[in-house]
J.: 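Dropping the structure in here first, questions after.
Predicted, not measured: the structure shown is a model, and the values here were computed from it. Residue indices begin at 1 and follow the sequence shown.
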Amino acid sequence: MKNILIKITGLVASGMLIFSCSGKYLEFEQHGVLPEDETYANADDATAQSLIAGVYVDVKYLMMGDWGIHFIATTTAKVADSWPGGSGPSDGADYQAMARFTDNSETGAYKDMYQRLYRIMRRCNMIVEKLNGESAERQRVIGEAKAWRAWAMMHLTQLWGSAPLVSHTLDGIDYSFTPGNTSPEESWTWIMQQFDEAAEVLPSKAALGGQAAIGGRWTKEACYAYKGKGYMWQNDYANAKVELAKVIDSGKYDLWKGTATMGPSSYGTNTMTYKSEMDASNAEYNASLEPGASARAWIDGSEDYVYSTVFRAEADFCDEFLLELDISGDATTITNTEPYWFRAYMNWRYDQFFAPGNTSSRNDGWGFILPTRTFGLAFCKHDGNSLRRRATIATFDEVYRMFPYGNADIRGVAGSTGYFSCEGYFRMKYYDFLDDTESGRYESGQTHGNTTNFPLMRYSNVLLLYAEACCMDGEGPASISGLEALNMVRRRAGLTDAPALDMDNEEYGIKAERRFELYLEDCDRYVDLIRWGDYREFITNTSEDGVGEHWAVDVPWFHGFIDPDKVTTDPTDLSNYDVTYDAQSRRGNWDDKLYLLPFPYDEITMNPSLTQNPGW
């Protein structure tokens, strides 16, 4: 994996503590370092790079978590596509409360997200206002800071509505330590201006295949993509088409086409190493068996399980990613530290389920974020056994019969209690493949260190947004039609072409395409449901077309096959799965306050200028 040449210094690593809109968190003395104004004013290129590197690290911790995965868990709990998961019903209490409509302004996950977003803005404001722009590289860093603070304010505006627009460093003199609410209209105008100013100084990659030279840093086209996304939120389809067309017609982006199988042809160095270890262990065990006893043996995965590798390390810096978090595990790069907690939280629960032989989840998996039955059924009805579906979710039949295992007799559910929050579908997006860990680290005994980058904006998102804008407002200026943009995504997924643009068609509608293509990416599903006006109808629909009868009132426990000898190849057939449900607290009632998140209680109590969102 290519390391980005941005070093993190002790200044950044030690300097910035948690920041929020309240004065309590804003100003503090940094002992042992130069005063901030002097540091920024006298910065050379290396110092400037270290300052912006701190912003990238903050974004990584927001999106991928450190102790907790609040962003991804919150935004999926709000749309019922995944169970919060964990070890049992008492785990992930914040996310369980969101699902039941019993969350409130003291829900810790909201506070964490809110403060992290403002911490990003605070760092960026310092760079924009105080960094000397006396070189091209420092101008680029200022441009990146403008893009990141626009990105952060976009999220604050979409999720909280009238979040304070903190466009300057708060000093208590010219800019109050207690800023009040800002209208979304004012915030959106500023956000778009920031992306425009950033795009003026940021580079574009040279051509197709040129992303590695840019690495995970902002480009002009990433700014255009986010502007297009912002205009879609505002239902300004005409301007959205203009911005998105800039990306499409640049000719510098394309969809990733790589695939792999679960079979031996796709084993990498680490899987082969583990297989050799298990072969030796099994041989030693078998040598001591009594006659007639069952021998142990490695079992290979199936070459028939074929999936897209767009979320594997081999796709890092590919032409599909307009913006990605560079995850190298190398403490000297922009990433600072590997996202250990993300993998630990997202891996399958290691003490409740025997992990396949090509993943490190057997060492440390906490079992959060498993697909719901309703999401899995909807996806499988839509995609069947497509490359996209199998890269995103797998059925238990597939996991049990088509994945490799160190011992053929040790697979499936571990123990008698069952696998918590599982209904028969397993999340494959962000699956922790052994072969995406650097081989040298794996051989030295480090089972963690997955190097797979984390995409924030993909070209498939750009294409689907453009298709939607064309569907809603007629064809746009891009060199391809809206229908072709939609079908490019469908073809890569492994589906047939859609005959026409349509938002709601069950087979080829844009809403369904976005739901399945962008599962667990940013807060797209939550934001989409709200901007389409579909959120209340969907989240209160307890049929299989909505959240299902069990969501937020029961919790599932998966126990495996009812009949172990029955083989099911239809991914929508769950009849052979043994699932039980434990009743939980009654779900609350819908309230229109749920269209926005609450401002954290601490912010409201410490900031008299901040008005709480209605109903909270």
Side-chain angles (χ1 to χ4, degrees), residues 63 147 151 195 199 202-232 240-259 307-326 386-388 391-392 429 452-471 476-495 497-498 501 510 513-522 524-525 527-528:
M63 301 303 292
W151 178 92
F195 280 132
L202 291 174
S204 297
K205 68 176 185 177
L208 288 170
Q211 193 63 38
I214 296 288
R217 301 178 73 179
W218 279 89
T219 61
K220 294 181 186 295
E221 286 74 24
C223 292
Y224 303 150
Y226 276 103
K227 277 195 72 179
K229 188 176 182 180
Y231 280 128
M232 292 299 289
K241 286 183 288 186
V242 170
E243 298 300 328
L244 297 167
K246 292 177 184 177
V247 180
I248 294 169
D249 288 347
S250 72
K252 298 175 181 179
Y253 295 91
D254 198 3
L255 297 176
W256 174 259
K257 304 299 195 307
T259 63
Y307 63 94
S308 169
T309 53
V310 68
F311 283 88
R312 296 288 308 274
E314 65 184 66
D316 289 353
F317 306 124
C318 69
D319 289 321
E320 181 162 351
F321 297 168
L322 280 82
L323 186 64
E324 61 199 288
L325 296 176
D326 176 7
S386 72
L387 296 172
R388 173 173 68 187
T392 309
K429 185 174 277 190
T452 308
N453 284 0
F454 190 85
L456 298 177
M457 174 61 74
R458 293 195 289 134
Y459 189 52
S460 61
N461 199 348
V462 171
L463 292 172
L464 290 176
L465 288 170
Y466 188 76
E468 180 183 344
C470 292
C471 183
S479 58
I480 62 173
S481 67
L483 181 59
E484 176 61 14
L486 171 64
N487 283 329
M488 287 172 67
V489 178
R490 287 179 58 85
R491 287 178 208 131
R492 194 273 298 276
L495 306 179
D497 279 5
L501 286 178
I510 293 168
E513 286 297 327
R514 287 190 61 78
R515 182 185 187 187
F516 304 132
E517 177 70 22
L518 302 173
Y519 172 62
L520 297 182
E521 294 185 45
D522 205 332
D524 280 320
R525 175 63 174 165
V527 165
D528 283 350

J.: Using 0.5 Å steps for rounding, measure from the CD atom of E484 to the CD1 atom of I248.
T.: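 Spacing of CD (E484) from CD1 (I248) equals 10.5 Å.
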J.: Within 45 degrees of the ring normal and closer than 6.0 Å to the centroid, is that where the cationic atom of K241 sits relative to Y231?
T.: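 The answer is no, since K241 fails at least one limit relative to Y231.
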J.: Can you tell me how the ring of F311 sits relative to the ring of F321, calling it parallel under 30°, perpendicular over 60° and tilted otherwise?
T.: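 The rings of F311 and F321 sit tilted, inter-plane angle from 30° to 60°.
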J.: Does I480 form a side-chain contact (heavy atoms from CB on, under 4.5 Å) with L463? I'd like the steps, not just the answer.
T.: CA-CA 10 Å; I480 62 173; L463 292 172; 4.0 Å; yes
J.: Give the intermediate values and the outcome of side-chain contact (heavy atoms from CB on, under 4.5 Å) for residues R525 and Y519.
T.: CA-CA 7 Å; R525 175 63 174 165; Y519 172 62; over 6 Å; no
J.: Once rounded to the nearest 0.5 Å, what's the spacing between atom CG of L486 and atom SG of C470?
T.: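 That separation rounds to 10.5 Å.
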J.: To the closest 0.5 Å, what do you measure between OH (Y226) and CG (L323)?
T.: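 The CG atom of L323 is 5.0 Å from OH of Y226, to the nearest 0.5 Å.
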J.: Report yes if some heavy atom in the side chain of Y459 is under 4.5 Å from a heavy atom in the side chain of D319; otherwise report no.
T.: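 No. Closest side-chain heavy atoms not under 4.5 Å.
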J.: Which heavy-atom pair separates S386 from L495 by the least distance, and what is that distance?
T.: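 Between these two residues, the closest heavy atoms are CB-CD2, 4.1 Å.
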J.: Return the minimal non-hydrogen interatomic distance between Y466 and L244, and the atom names on each side.
T.: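 Smallest heavy-atom distance, with atoms named: N-CD1, 3.6 Å.
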J.: Ring of Y224, cation from K246 - is the NZ or CZ under 6.0 Å from the centre and inside 45° of the axis?
T.: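 Yes, K246 sits over the ring of Y224.
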J.: Write down the atom of A147, the atom of C223, and the distance for their closest heavy-atom approach.
T.: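 Minimum heavy-atom contact is CB-SG, 4.2 Å.
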J.: Less than 4.5 Å apart, side chain to side chain, heavy atoms only: is that true for T219 and K252?
T.: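 Side-chain contact under 4.5 Å: no.
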J.: Looking at side-chain heavy atoms only, is the closest gap between F516 and V489 below 4.5 Å?
T.: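 Counting from C-beta outward, F516 and V489 never come under 4.5 Å.
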J.: Scan side-chain atoms only and decide if Y307 and R312 contain a donor-acceptor pair under the 3.5 Å cut-off.
T.: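 A donor-acceptor contact under 3.5 Å links the two side chains.
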J.: So that I can tick it off, tell me whether E221 and K205 are bridged by a salt bridge, with the cut-off set at under 4.0 angstrom between side-chain N and carboxylate O.
T.: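 Looking at E221 together with K205, the answer is no, because their closest N to O distance does not fall below 4.0 Å.
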J.: Hey, which of R490, K429, R492 is the one that makes salt bridge (charged side-chain N to carboxylate O under 4.0 Å, His left out) with E517?
T.: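 Of R490, K429, R492, salt bridge (charged side-chain N to carboxylate O under 4.0 Å, His left out) with E517 is met by R492 alone.
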J.: State the OG-CG distance between S481 and N487, to the nearest 0.5 angstrom.
T.: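 Separation between the atoms: 8.0 Å.
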J.: Do T309 and E314 have side-chain atoms, one donor and one acceptor, less than 3.5 Å apart?
T.: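 Yes - a donor-acceptor pair under 3.5 Å links their side chains.
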J.: Taking all atoms of both residues into account, what is the closest heavy-atom pair of Y253 and L208, and its distance?
T.: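 Nearest heavy atoms, Y253 then L208: N-CD2, 3.6 Å.
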J.: Side chains of R458 and S460: donor-acceptor distance under 3.5 Å anywhere?
T.: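 R458 vs S460: donor-acceptor pair found between side chains.
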J.: So, the side chain of D316 versus the backbone of T452: is there a donor-acceptor pair under 3.5 Å, distance only?
T.: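 Judged by distance alone, no pair lies under 3.5 Å.
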J.: Are the charged groups of D522 and K229 less than 4.0 angstrom apart, N to O?
T.: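 A salt bridge is present here (some side-chain N lies under 4.0 Å from a carboxylate O).
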J.: For the pair R514 and N461, evaluate side-chain contact (heavy atoms from CB on, under 4.5 Å) and give the outcome as yes or no after the intermediate values.
T.: CA-CA 8 Å; R514 287 190 61 78; N461 199 348; 2.9 Å; yes
J.: Could you pull out the closest heavy-atom pair between V242 and P477, with the gap in Å?
T.: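 Of all heavy-atom pairs spanning V242 and P477, the closest is CA-CG, 4.1 Å.
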J.: Between D497 and R491, is there a side-chain N and carboxylate O pair less than 4.0 Å apart?
T.: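 R491 and D497: salt-bridged.
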J.: Could you tell me the separation between the CG atom of L464 and the CD1 atom of I510, rounded to the nearest 0.5 Å?
T.: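 Output value for this atom pair is 7.5 Å.
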J.: Working note: K220 + S204, criterion side-chain contact (heavy atoms from CB on, under 4.5 Å); need CA distance, chi angles, decisive distance, verdict.
T.: CA-CA 6 Å; K220 294 181 186 295; S204 297; 3.5 Å; yes
J.: Looking at L322 and A225, what are the two nearest heavy atoms and their distance?
T.: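 Smallest heavy-atom distance, with atoms named: CD2-CB, 3.7 Å.
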J.: Do E468 and E513 come within less than 4.5 Å of each other through their side chains, counting heavy atoms only?
T.: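 Sidechains of E513 and E468: no contact.
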